[in-house]
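Here's the structure, in structure tokens; my notes come after.
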2 protein chains.
Amino acid sequence: MDAAVQRATALTSADRAFETLRTQIVEGELAPGAPLAEVEQATRLGVSRTPVREAFARLIAAGLAIERGPRSLVVSHIDAGDVTALFDLRRALDEQAARLAAARAAADPVTARDFADLADRFRAVTPSTLAADDPQRHGYYALVAEFDAALDAALTRSPYLAAAIASTRVHLARVRRLARDDDARLAASAAEHGAIARAIADGDGERAAAATRLHLHEALTSIHRHLPPAAPSSTAAPTKEHA
Amino acid sequence: MDAAVQRATALTSADRAFETLRTQIVEGELAPGAPLAEVEQATRLGVSRTPVREAFARLIAAGLAIERGPRSLVVSHIDAGDVTALFDLRRALDEQAARLAAARAAADPVTARDFADLADRFRAVTPSTLAADDPQRHGYYALVAEFDAALDAALTRSPYLAAAIASTRVHLARVRRLARDDDARLAASAAEHGAIARAIADGDGERAAAATRLHLHEALTSIHRHLPPAAPSSTAAPTKEHA
DNA sequence: CATGCTCTCAATGTATACATTGAGTGTTCC
DNA sequence: GGAACACTCAATGTATACATTGAGAGCATG
């Protein structure tokens, strides 16, 4: 009964500091390259250095901050080259996830119905429904979030893969903010998601993987069209996560 | 120029604490399920709680420790179900890595030669060379480490993928310790590695991916043969990484 | 005037003191 | 005798004091 209350208060200062910093980095409030100093952030967030240190450690683990030099932490950069690199990972993860989800749907009617339902809802997305009083397209992104949640639910047996996918999503959120999709792309993306969901619902792993690959190719192409084209090989080592 | 010297002295207490704990967990010295208490480990490692806290945070991020309850940290478990889940991720990552490495080898003669060289050395591995005064098979595992390093070198343009692969290797080290390979398996593994390296050297991405898939299937099968077969679905949520 | 050296200082790395919370135990009451 | 309550205590969460190190400014010298 008091579980909900307890959970609300069980968030530590370190949790809040991490959440705040993560959000501000993803939203661009803390710009790439911005220095992250313990005392400064501690003052700003109204906590001591200890939880800030822990938050910084988590930011590094998530790839949102990188150590520049021995005593300098900065918000990690993200540019066109990074997006390509990120999609190199995403393709590997999402195709496999689609295969496994399809396998699960073939054995589990509940999963199959969930994805069939999602497929229908993605197909219902049209440029006209998109434009309906939703300048930020929250409705569409909420649907994508539901798709992600369904994928997670289908991957309970593959927690390592699920965790890796989760770790890419925060980076994708940053990319999404860099290159806002236009309505045409969003409508196409909906159709692609629908195709993936339908293939999963049908239990057809290879089709789901193929649909995923197609979707990622289109998404990456669209992003690069909207992004300043950084020189392909000049930016050498963009991000470096845990050792 | 002076980077190497600087790096040697730049190791902090937190780094050493993490390295020590990581090694002891991988080696089995700290058994799965063992509680990780700050004061106890601080005393044992001869440092204060602060660096230990940081080390714990990194262990959690690496998936070597999980929070059991609000104030209880334990060494993460790893069993047959986990191995399957880990390989679900590994297959995705390693196949993609093989494809990308092959693409790089096709464009970069140095990469191609490195893998061609590795392929020859893997093919030179036979049961007789394995048995030569090396009960722990350090020589063979060193060769595998060289293969991994070559893969990393080929993936400089895909740092996200490289980081994800790196994060799987520590878990694989744990698995390797659980189920020591016999000589026959090691010789077969060498042949499989050789096939992968040769395909990469030839710039044939799909062949490299196929060889990788085959290798992982054989490796997983071998591991399960040597492991107590945990019930498939009883062990629910093994590891949970960063949010 | 440029270059190099030193000194200061600010930031991180570490240790420790204080706050808080949850579990376990012992006692008391029904 | 059993159950519930309160208390102790130990562990984590947080804050802060101390140590250390690297960077930058300022000065001196060639």
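Per chain, numbering begins at 1; letters A, B, ... match sequence-line order. Hydrogens, waters and symmetry mates play no part in the numbers below; they use all other heavy atoms, side chains included.
- The side-chain hydrogen bond (donor to acceptor under 3.5 Å, both in side chains) search around A:Asp15 returns A:Thr12, A:Arg58, not counting sequence neighbours.
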Compile the donor-acceptor pairs under 3.5 Å between side chains in residues 67-74 of chain B and protein atoms, sequence neighbours left out, one pair per line.
unit_1	atom_1	unit_2	atom_2	d
B:Ser72	OG	B:Arg68	O	3.1

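- To the nearest angstrom, C1' of D:dT14 lies 13 Å from CG of A:Asp15.
- For the side-chain hydrogen bond (donor to acceptor under 3.5 Å, both in side chains) test, no residue two or more places apart in sequence or in another chain qualifies with A:Thr20.
- Interface residues of residues 37-48 of chain B facing DNA chain C, ordered by number: B:Val47, B:Ser48; criterion, heavy-atom separation under 4.0 Å.
- Each salt bridge (Lys or Arg N to Asp or Glu O under 4.0 Å) pair with one or both residues in residues 162-176 of chain B, not counting sequence neighbours, appears once here: B:Asp148-B:Arg169, B:Asp152-B:Arg169.
- Taking atom CG on A:Leu11 and atom C1' on C:dT21, their separation rounds to 15 Å, with Å as the unit.
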Problem set entry | Verdict with supporting geometry, B:Thr156 and B:Arg104, side-chain hydrogen bond (donor to acceptor under 3.5 Å, both in side chains) | CA-CA 10 Å; B:Thr156 50; B:Arg104 171 113 178 192; 3.0 Å; yes
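- Within the 4.5 Å cutoff, the side chain of B:Thr84 has no heavy atoms near those of the A:Tyr160 side chain.
- Contacts classified as salt bridge (Lys or Arg N to Asp or Glu O under 4.0 Å) and involving residues 18-36 of chain B (residues at least two apart or in different chains) are given here: B:Glu19-B:Arg22.
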At a cut-off of 3.5 Å, list every protein nitrogen or oxygen paired with a nitrogen or oxygen from nucleotides 7-10 of chain D, distance to 0.1 Å.
none

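- Judged as a salt bridge (Lys or Arg N to Asp or Glu O under 4.0 Å), and not counting sequence neighbours, the contacts of A:Asp94 are A:Arg90.
- Judged by distance alone, the side chains of A:Arg53 and A:Thr50 never bring a donor and an acceptor atom under 3.5 Å apart.
- Computed from C1' positions of five pairs at each end, the angle between the two local axes of the helix from C:dC1-D:dG30 to C:dC30-D:dG1 equals 0°, rounded to 10 degrees.
- We find that CZ of B:Arg68 is positioned 17 Å from C1' of C:dG22, with the value rounded to whole Å.
- Remark: A:Ser13 is in phosphate contact with D:dT14, judged by side-chain N or O atoms under 4.0 Å from OP1 or OP2.
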Identify the pairs formed between an N or O of the protein and an N or O of nucleotides 23-25 of chain C at a distance under 3.5 Å, and give each distance.
none

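- The distance from atom CZ of B:Arg53 to atom C1' of D:dA11 is 11 Å, rounded to the nearest whole Å.
- OP1 and OP2 of C:dA15 both lie 4.0 Å or more from every side-chain N or O belonging to B:Arg49.
- In this structure B:Ser222 satisfies the side-chain hydrogen bond (donor to acceptor under 3.5 Å, both in side chains) test with no other residue, sequence neighbours excluded.
- The CD-C1' distance, from A:Glu54 to C:dT12, rounds to 17 Å in whole Å.
- The two residues B:Ala150 and B:Leu118 come nearest to each other via the heavy atoms CB-CD1, 3.6 Å.
- Using a 4.0 Å heavy-atom distance criterion, A:Leu36 is classed as a sugar-phosphate-only contact.
- Between A:His193 and A:Phe122, the ring planes are parallel. Angles under 30° get that label, and only those over 60° would be called perpendicular.
- For B:Arg99, the salt bridge (Lys or Arg N to Asp or Glu O under 4.0 Å) criterion is met by B:Glu95, B:Glu206, not counting sequence neighbours.
- Closest approach of A:His215 to A:Ser189, counting heavy atoms only: CE1-OG, 3.5 Å.
- Across the protein-nucleic acid pair, A:Arg16 atom CZ and D:dT14 atom P stand 7 Å apart, rounded to whole Å.
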